[in-house]
There are 2 protein chains.
Amino acid sequence: MEIDYVFEALASTPRRKILAYLSEATLTAGEIAARFDMSKPALSKHLKILEQAKLISSERKGQFIEYRLADKNMMVSLTNMLATFCPVGSGLKKESTAIARSKDKTTKQE
Amino acid sequence: MEIDYVFEALASTPRRKILAYLSEATLTAGEIAARFDMSKPALSKHLKILEQAKLISSERKGQFIEYRLADKNMMVSLTNMLATFCPVGSGLKKESTAIARSKDKTTKQE
DNA sequence: TACACAATTAACTAATTAGCTAAATATATT
DNA sequence: AATATATTTAGCTAATTAGTTAATTGTGTA
């Protein structure tokens, strides 16, 4: 599922740090890498994972590649996440409700 | 950091499913395990990870152990996450704090 | 006490992830 | 064309994670 990529992407301290760096500024891959104690290829992988999750987007500018937050998509994903865990129905939630109801009935019979 | 545990816990489809199952009902470890195609020890590990992240809590009831959402903590974590990554979120969080403060004041006056 | 049931912990394996260095690709400059 | 810079891809290894079965712990009941 699509949301899986978002959660996987967020489950990494360096990746969340990248998002924080991009929260206000647009930065090139090199500018981001300069802020981490990690090789450029390693950073590149993190950027790829964030981009696959649609949390960031990239645009080539000459020999540079600029990265920026794709915050609209992030908001959609996070909102969906909230919708899953909080009131708004999914199949699992309905089943959970049904379980609660049957348990309640059993308890009252005793 | 504390939030690291939350992200790690959420980066797993079965664990997010467990949260969804618990969104309305309180279930024992066995009742949860019965809904997954996975061994009980494997489920037990997932429950432990969720509990360490303070997303769920457990309580022994005789030979059973009941699990339930610790949703207040989850909401706090998720709200903080929004505040960190989205400029909009941080503004809203501050407003939320302000509202809470003003409500508190009002309540005490009553 | 002895036995059954619920759940966890222990010990292990297979698969995945995160990092590295070296090589390749794309663009800019001379 | 040749060379330099920015970035990514390839190939590798070490560490971590997710699952398994077997053993252990805690509780209820005959």
Side-chain angles (χ1 to χ4, degrees), chain A residues 1 3-22 25-70 99 102-103 106-107 110, chain B residues 1 3-22 25-70:
Chain A
M1 252 179 54
I3 193 81
D4 293 349
Y5 292 105
V6 175
F7 283 111
E8 193 199 303
L10 292 174
S12 151
T13 304
R15 286 196 288 269
R16 291 196 302 277
K17 256 180 93 174
I18 292 171
L19 291 175
Y21 276 126
L22 295 178
T26 293
L27 296 172
T28 68
E31 289 171 326
I32 297 168
R35 288 169 171 77
F36 288 82
D37 186 21
M38 196 187 294
S39 71
K40 283 184 178 196
L43 243 297
S44 189
K45 265 193 201 175
H46 285 304
L47 290 169
K48 193 178 186 180
I49 289 167
L50 286 167
E51 193 164 18
Q52 280 177 341
K54 300 195 181 156
L55 294 173
I56 64 175
S57 66
S58 65
E59 186 186 1
R60 183 173 274 279
K61 283 283 176 70
Q63 30 177 186
F64 301 90
I65 299 185
E66 279 186 355
Y67 284 91
R68 78 189 72 243
L69 272 197
I99 295 164
S102 75
K103 283 200 169 184
T106 305
T107 305
E110 286 172 351
Chain B
M1 252 179 52
I3 192 82
D4 293 348
Y5 292 105
V6 175
F7 283 112
E8 193 199 303
L10 291 174
S12 152
T13 305
R15 286 197 287 269
R16 292 195 303 278
K17 259 181 91 173
I18 291 170
L19 291 176
Y21 275 125
L22 295 178
T26 292
L27 297 173
T28 68
E31 288 171 326
I32 297 168
R35 287 169 171 78
F36 288 82
D37 186 21
M38 194 187 294
S39 70
K40 283 183 177 194
L43 244 296
S44 188
K45 267 193 200 172
H46 285 305
L47 290 169
K48 193 177 185 180
I49 289 167
L50 286 167
E51 193 164 18
Q52 280 176 341
K54 301 195 181 157
L55 294 172
I56 64 174
S57 65
S58 64
E59 186 186 1
R60 183 173 274 279
K61 284 282 175 69
Q63 30 177 188
F64 301 91
I65 297 184
E66 280 187 355
Y67 283 92
R68 77 190 73 243
L69 271 197

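In the text below, chain A, chain B and the rest are named by the order of the sequence lines, each starting its count at 1.
Look at CD on A/Glu8: it is 12 Å from C1' on C/dA18, rounded to the nearest Å. Spacing between atom CZ of B/Phe64 and atom P of C/dA4 amounts to 17 Å, rounded to whole angstrom units. Regarding B/Leu27, its CG atom lies at a distance of 15 Å from the C1' atom of C/dA6, rounded to whole Å. Between the C1' atom of C/dA7 and the CD atom of B/Glu59 lies a distance of 16 Å, rounded to the nearest Å. Put simply, NZ on A/Lys17 is 16 Å from P on C/dA18, counting in whole angstrom units. C/dT8 atom P lies 13 Å from atom CD of B/Glu66, rounded to whole Å.
Expressed to the nearest 0.5 Å, how far OG1 of B/Thr13 lies from CD of A/Glu8 amounts to 9.5 Å. Atom CZ of B/Arg16 is separated from atom CZ of A/Phe7 by 5.0 Å, given to the nearest 0.5 angstrom. One finds the CG atom of B/Leu50 at 4.5 Å from the CD1 atom of B/Ile56 (value rounded to the nearest 0.5 Å).
Take B/Glu51 and apply the side-chain hydrogen bond (donor to acceptor under 3.5 Å, both in side chains) test, not counting sequence neighbours, and it matches B/Ser58. Residues passing the side-chain hydrogen bond (donor to acceptor under 3.5 Å, both in side chains) test with A/Thr26 are A/Arg68, sequence neighbours excluded. The side chain to side chain contact (heavy atoms under 4.5 Å, CB included) check on B/Gln52 picks up B/Lys48, with sequence neighbours excluded.
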Cut-off 3.5 Å, no hydrogens considered: what does the side-chain donor-acceptor table look like for residues 36-47 of chain B, sequence neighbours left out?
from	atom 1	to	atom 2	distance (Å)
B/Ser39	OG	B/Ala42	N	3.3
B/His46	ND1	B/Arg15	NH1	3.0

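Among the heavy atoms of the strands lying under 4.0 Å from A/Lys45 is at least one base atom, whether or not backbone atoms are also near. Nucleic acid contact class of A/Ser12 (heavy atoms, under 4.0 Å, all strands): none.
Chain A approaches DNA chain D over the interval D/dT5 to D/dT9, counting the first and last nucleotide 5' to 3' with an atom under 4.0 Å from its heavy atoms.
Between B/Tyr67 and the phosphate of C/dT8, there is a side-chain N or O to OP1/OP2 separation shorter than 4.0 Å. Listed pair A/Arg15 / C/dA18 meets the phosphate criterion, a side-chain N or O lying under 4.0 Å from OP1 or OP2.
Listed by residue number, the members of residues 34-42 of chain A with any heavy atom below 4.0 angstrom from DNA chain C are A/Met38, A/Ser39, A/Pro41, A/Ala42.
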key: Verdict with reasoning, B/Leu27 to B/Ile18, per side-chain contact (heavy atoms from CB on, under 4.5 Å)   = CA-CA 10 Å; B/Leu27 297 173; B/Ile18 291 170; over 6 Å; no
inquiry  = Is there a side-chain contact (heavy atoms from CB on, under 4.5 Å) between B/Leu55 and B/Leu10? Walk through the geometry before answering.
reply    = CA-CA 9 Å; B/Leu55 294 172; B/Leu10 291 174; 4.0 Å; yes
